[in-house]
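From a predicted model like this one, the values you see are computed outputs, not experimental measurements.
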Amino acid sequence: GAVGWGMSRRTAELVTGARQFADGDFSYRILSETDDEVGTAARVMNAMAERIDEATADLERQVAERTEALARSEARFRDFANAAADWFWECDAEHRFTYLSPAVAKHLGAPIEELIGRSRLDFVRSWSRDDAVETHCDAIDRREPFRNFEYAIIRDDGALRWTRSSGQPLFDLDGRFIGYRGTGADVTSIREAESERARTEAQLRAVIENSPIAITIKDVNGRFLRVNDAFAQQFGLRIDEIEGQFANAIFAPKVAAMMAENDAIILSTGAPDQLEYDLLTPAGRRTLLITRFPVLGAGNEVLSLAAIAND
């Protein structure tokens, strides 16, 4: 009677505890911890449940801390993305944009909502058609990373903008390609400055090459950077025999010494001056009026030395 009933009750409690544990409730405790086999089993199960309960609580605490850290990291990334002049982008395996940070909207002149879902390669190909673009697209098809690729776009308002983009291919844990992630920058001002510099250099080169007056430009060490044909002809030389050389390598010692002395004066004073010089050339003795002046940088440092010689 009573002993059998007690055993049945403790066994029922053990079964109830097992069911609670199976359902994931490790806070449940079996009350029947007697000195018999049922009690021993109850103590073992309670100890296991306590350890699992503690481990679960610790895991939940770690998950909460990491979730909070991830939320802070995402907020920090959003702040950087919103404040940056450059932008971040992501695309899927079909190269369709899945994320664009705010700065790209100003660059492309279109809301981000209109850009999400559109193919990045369609953008590149539709606005720029040259060998560099096709080479870039081929590299993308091979899932290769790229860095500082530049291409031009024409916005809907007709404005020409230059983009510099870098990207890294993304793969899942099974090695399947899932897209690209990268950065972009508006380099229009850099490109415009480079174009302006190229135009200025072309104009300067045209003036120097076509001038009937002898013109030279040397670095601060006295090496000829650029001369025109009028100067070379005075000495019966070709331009390519002079450019890149020092005076003492191509001219008579007296002429080379005169040039070095004049260069030293300009470097020390930083001011232009004029002098007359009698020079014996293959065409005979010539009297030259030489105007010398330094070419100064933004900080008034001497970048090069220029001279103009009138016969």
Side-chain angles (χ1 to χ4, degrees), residues 73-170 177-210 226 295-299 303-304:
S73 178
E74 290 177 345
R76 188 181 304 114
F77 172 80
R78 285 194 300 271
D79 290 342
F80 284 143
N82 291 335
D86 298 347
W87 58 86
F88 304 99
W89 57 267
E90 286 186 355
C91 62
D92 61 19
E94 302 300 323
H95 305 294
R96 294 172 299 207
F97 284 120
T98 58
Y99 172 79
L100 290 163
S101 59
V104 73
K106 179 180 179 181
H107 178 63
L108 297 182
I112 290 178
E113 293 77 13
E114 294 182 7
L115 303 174
I116 296 296
R118 297 178 63 180
S119 170
R120 175 180 174 272
L121 297 187
D122 286 346
F123 273 79
V124 173
R125 286 189 172 116
S126 65
W127 287 329
S128 296
R129 294 184 179 274
D130 56 29
D131 292 341
V133 168
E134 292 309 314
T135 299
H136 170 74
C137 292
D138 290 343
I140 295 299
D141 290 339
R142 294 191 298 269
R143 318 293 190 238
E144 296 176 355
F146 61 92
R147 184 171 180 80
N148 294 335
F149 170 66
E150 295 187 7
Y151 59 95
I153 63 172
I154 303 295
R155 300 194 325 191
D156 291 341
D157 61 6
L160 173 68
R161 311 299 295 176
W162 280 92
T163 302
R164 177 183 294 159
S165 185
S166 298
Q168 187 73 23
L170 303 175
F177 173 69
I178 58 174
Y180 269 85
R181 177 183 296 146
T183 60
D186 183 347
V187 292
T188 305
S189 60
I190 296 175
R191 282 283 190 154
E192 289 176 345
E194 290 174 348
S195 294
E196 180 60 30
R197 182 175 62 188
R199 284 194 296 270
T200 301
E201 289 182 350
Q203 293 167 355
L204 176 61
R205 186 164 53 251
V207 169
I208 292 175
E209 291 175 353
N210 294 285
R226 183 169 295 171
V295 179
L296 303 178
L303 302 179
S304 57

Residue pairs meeting salt bridge (charged side-chain N to carboxylate O under 4.0 Å, His left out), one or both in residues 97-107, sequence neighbours left out, come to none
Taking it one step at a time, do Arg164 and Asp86 satisfy side-chain contact (heavy atoms from CB on, under 4.5 Å)? CA-CA 10 Å; Arg164 177 183 294 159; Asp86 298 347; over 6 Å; no
Arg155 and His107: which non-hydrogen atoms are nearest, and at how many Å? CD-O, 3.0 Å
Non-hydrogen atoms of Val133 and Tyr151 that approach each other most closely: CG2-CB, 4.5 Å
Roughly how far, to the nearest 0.5 Å, is the CD atom of Glu201 from the CG atom of Leu204? 8.0 Å
Glu90/Arg181 under side-chain contact (heavy atoms from CB on, under 4.5 Å): CA gap, chis, key distance, verdict: CA-CA 4 Å; Glu90 286 186 355; Arg181 177 183 296 146; 2.6 Å; yes
Let me confirm one number: the CG-CD distance from Leu160 to Glu192, rounded to the nearest 0.5 Å. 7.5 Å
List the steps, then state whether side-chain contact (heavy atoms from CB on, under 4.5 Å) holds for Val104 with Phe88. CA-CA 8 Å; Val104 73; Phe88 304 99; over 6 Å; no
Please report the interatomic distance CG(Leu170) to OH(Tyr180), rounded to the nearest 0.5 Å. 9.0 Å
Tightest non-hydrogen contact, residues Arg199 and Glu196, listed as NH2-OE1, 2.6 Å
Sorted by chain and number, sequence neighbours left out, side-chain hydrogen bond (donor to acceptor under 3.5 Å, both in side chains) with Arg226 holds for none
To the nearest 0.5 Å, atom CD1 of Ile153 lies from atom CH2 of Trp162 at 10.5 Å
Evaluate the side-chain proximity of Phe149 to Thr135: yes if any heavy-atom separation is below 4.5 Å, no if none is. no
For a quick test of your reading: what N or O donor-acceptor pairs under 3.5 Å do the side chains of residues 138-148 make, sequence neighbours left out?
residue, atom, partner, partner atom, Å
Arg142, NE, Glu144, OE2, 2.9
Arg143, NH1, Asp141, O, 3.3

Counting distance only, does the side-chain N/O of Trp89 pair as donor-acceptor with the main-chain N or O of Thr183 below 3.5 Å? yes
Once you round to the nearest 0.5 Å, how far does CG of Leu296 lie from OG of Ser304? 9.0 Å
Supply the atom-to-atom distance Leu121 CG to His136 NE2, rounded to the nearest 0.5 angstrom. 6.5 Å
